[in-house]
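Proteins come first, then strands; the chains are lettered A, B, ... in the order of their sequence lines, and each starts at number 1.
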There are 2 protein chains.
Amino acid sequence: MSLINRIKHLDEGFERIRKAVPELPEDAKLCRLLLLVGERLQAEFESKLRPYKLNDSEFRTLVMLFSQPDGSSTPGELCEFTSQGATNMTRIANALAKRGLITRGHNITDRRQVVMQITAAGRRFVQKMLPGMMPSLRLTFAEFTQSDRNQFSKLMRKLAKNLTQLEHEAGDPP
Amino acid sequence: MSLINRIKHLDEGFERIRKAVPELPEDAKLCRLLLLVGERLQAEFESKLRPYKLNDSEFRTLVMLFSQPDGSSTPGELCEFTSQGATNMTRIANALAKRGLITRGHNITDRRQVVMQITAAGRRFVQKMLPGMMPSLRLTFAEFTQSDRNQFSKLMRKLAKNLTQLEHEAGDPP
DNA sequence: ATTATTTATTTCATCAGTGAAATATGCACC
DNA sequence: GGTGCATATTTCACTGATGAAATAAATAAT
């Protein structure tokens with residue numbers, strides 16, 4: 001069932017739910033909308049990655065390194081940036097290192113720290129991958145005006161701000 | 001690291017990536033924004049569900065039944081609506097049935113079809129759950145004006161339309 | 001009546017991520 | 001130099017989803 005049809009289905013179902021739970025705010029639907037679109041977008045990304053035998057977290061980690069000023073970082077830092085557990089990060093580093101996309105060494109001034117460094121091959125890989133994602137990216141945001149883009153960015157950041165506040169208030173109140 | 005900080009980190013990293021891959025459209029960032037917010041929102045939902053020992057796909061399936069005019073559907077239909085595989089749907093149905101939230105019977109006119117029917121307990125469960133999600137929902141969309149909501153809905157639907165087109169064009173061209 | 005198709009289930013193997021606990025190593029403090 | 005802390009890795013058990021293939025049961029086609 002296409003995304004459009006699922007949204008149509010959502011619109012209909014939501015009306016019936018509101019009949020039974022009138023307190024349900026309209027925002028619940030916005031929320032589902034975002035999640036539906038997000039899932040689909042995520043699936044699109046992963047399908048681009050699959051042929052290269054990389055999964056999403058591996059690729060994101062690699063791009064994270066690519067985007068560092070010196071192309072390197074430590075597992076601990078990357079755990080923070082990507083909200084991954086340390087166990088996972090070790091696994092990801094293993095996978096990337098085995099494929100020669102990164103190297104692992106030790107920080108000279110603190111030999112406890114591992115430094116993961118993107119290799120030339122890793123950079124080439126990212127530079128080859130990114131354009132492959134362009135076509136669907138352009139299609140996805142087709143007919144977006146500059147004002148649409150600005151609105152979109154603004155709304156996402158507003159959501160992010162609120163969600164961050166939610167995180168902090170989650171420190172269980174008495 | 002908070003969502004806000006991750007976005008700040010994204011803003012900085014993106015600039016550096018653009019230095020190396022100038023063709024990368026600004027939309028790539030919008031895309032990551034949406035995915036970041038979507039992930040966080042999804043996590044929020046799942047945390048609400050966890051105490052009830054239901055996972056996301058189980059709950060969504062239950063709500064799907066709740067939203068049907070007669071509170072019932074078949075595994076095949078639900079697979080379409082939720083983009084789940086048949087194997088998964090059987091597992092979900094098992095879980096929901098074991099907890100008494102749905103019943104399973106056979107369609108009278110076509111005994112191959114299983115009909116999953118939400119029970120009174122299932123309805124009560126949904127009606128109890130939904131309000132529990134309200135507080136975070138209200139916080140998430142705090143300071144959204146009605147115009148924000150309309151914009152948001154409009155943009156999501158535009159994305160959905162484009163993504164649906166993408167799906168269809170995915171029918172591998174010669 | 002036999003064959004083919006549809007629907008659901010079962011079985012099995014696999015992947016990706018999670019989290020806890022134990023281990024190794026190196027640093028910092030004093 | 002010994003104690004304690006920080007960093008990363010390993011091991012293990014688990015969750016949730018995924019997909020292929022075999023099976024069962026009922027219906028449709030003819």
Please state how far atom [atom1] in [X] lies from atom [atom2] in [N], giving the value in whole angstrom units.
X	N	atom1	atom2	result
B/Arg111	D/dA24	CZ	P	18 Å
A/Leu49	C/dC15	CG	C1'	15 Å
B/Asp110	C/dT6	CG	C1'	8 Å
A/Met89	C/dG17	CE	P	10 Å
A/Asn107	D/dT7	CG	P	11 Å
A/His106	C/dC27	NE2	P	10 Å
A/Glu80	D/dT7	CD	P	10 Å

Which residues, if any, of residues 32-42 of chain B bring a heavy atom under 4.0 Å of DNA chain C?
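Nucleic-acid contacts, sorted: none.
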
For A/Asn94, which residues count as a side chain to side chain donor-acceptor pair (under 3.5 Å) partner, sequence neighbours excluded?
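Listed in chain order: A/Arg104.
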
At their closest point, which heavy atom of A/Cys79 faces which heavy atom of A/Ala86, and how far apart are they?
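Closest approach of A/Cys79 to A/Ala86: SG-CA, 3.7 Å.
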
Charged N-O contact under 4.0 Å between [X] and [Y]:
X	Y	result
B/Glu44	B/Arg40	yes
A/Arg6	B/Glu80	no
B/Glu15	B/Lys19	no

What's the closest nucleotide to the A/Pro75 side chain, out of C/dT9, D/dT9, D/dC5?
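Output: D/dT9.
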
Presence of A/Arg112 side-chain N/O under 4.0 Å of D/dT7 phosphate oxygens OP1/OP2:
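The answer is no; no side-chain N or O of A/Arg112 sits under 4.0 Å from OP1 or OP2.
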
Ring-face cation of B/Arg123 near B/Phe66 (centre distance under 6.0 Å, axis angle within 45°):
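Yes - B/Arg123 lies over the ring of B/Phe66, closer than 6.0 Å to its centre and within 45° of its axis.
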
Under 6.0 Å between ring centres: does that hold for A/Phe125 and A/Tyr52?
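Yes; A/Tyr52 has its ring centre under 6.0 Å from that of A/Phe125.
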
Starting from the 5' end of DNA chain D, give me the residue, A/Gln113 or A/Asn94, whose nearest nucleotide shows up first.
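Per heavy-atom nearest nucleotide, the more 5' residue is A/Gln113.
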
Among A/Asp56, A/Leu78, A/Leu54, whose side chain to side chain contact (heavy atoms under 4.5 Å, CB included) with A/Thr61 holds?
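By the side chain to side chain contact (heavy atoms under 4.5 Å, CB included) criterion, A/Thr61 pairs with just one of A/Asp56, A/Leu78, A/Leu54: A/Leu78.
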
Hey, does B/Arg104 reach any base, or is it just sugar-phosphate, or nothing, if we go heavy atoms under 4.0 Å?
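Counting heavy atoms under 4.0 Å across all strands, the contact made by B/Arg104 is with sugar-phosphate only.
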
Want to settle it: does B/Val115 or A/Ile108 sit nearer the 5' end of DNA chain C, counting the closest nucleotide to each?
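Taking each residue's closest nucleotide, the earlier one in sequence belongs to B/Val115.
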
Going 5' to 3' through nucleotides 13-22 of chain D, assign each nucleotide B (protein heavy atom under 4.0 Å from a base atom), S (under 4.0 Å only from sugar-phosphate atoms) or - (no protein heavy atom that close).
---SSBBB--

Would you please say whether a donor-acceptor pair under 3.5 Å links the side chains of B/Ser153 and B/Arg157?
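Result is yes, a qualifying pair exists.
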
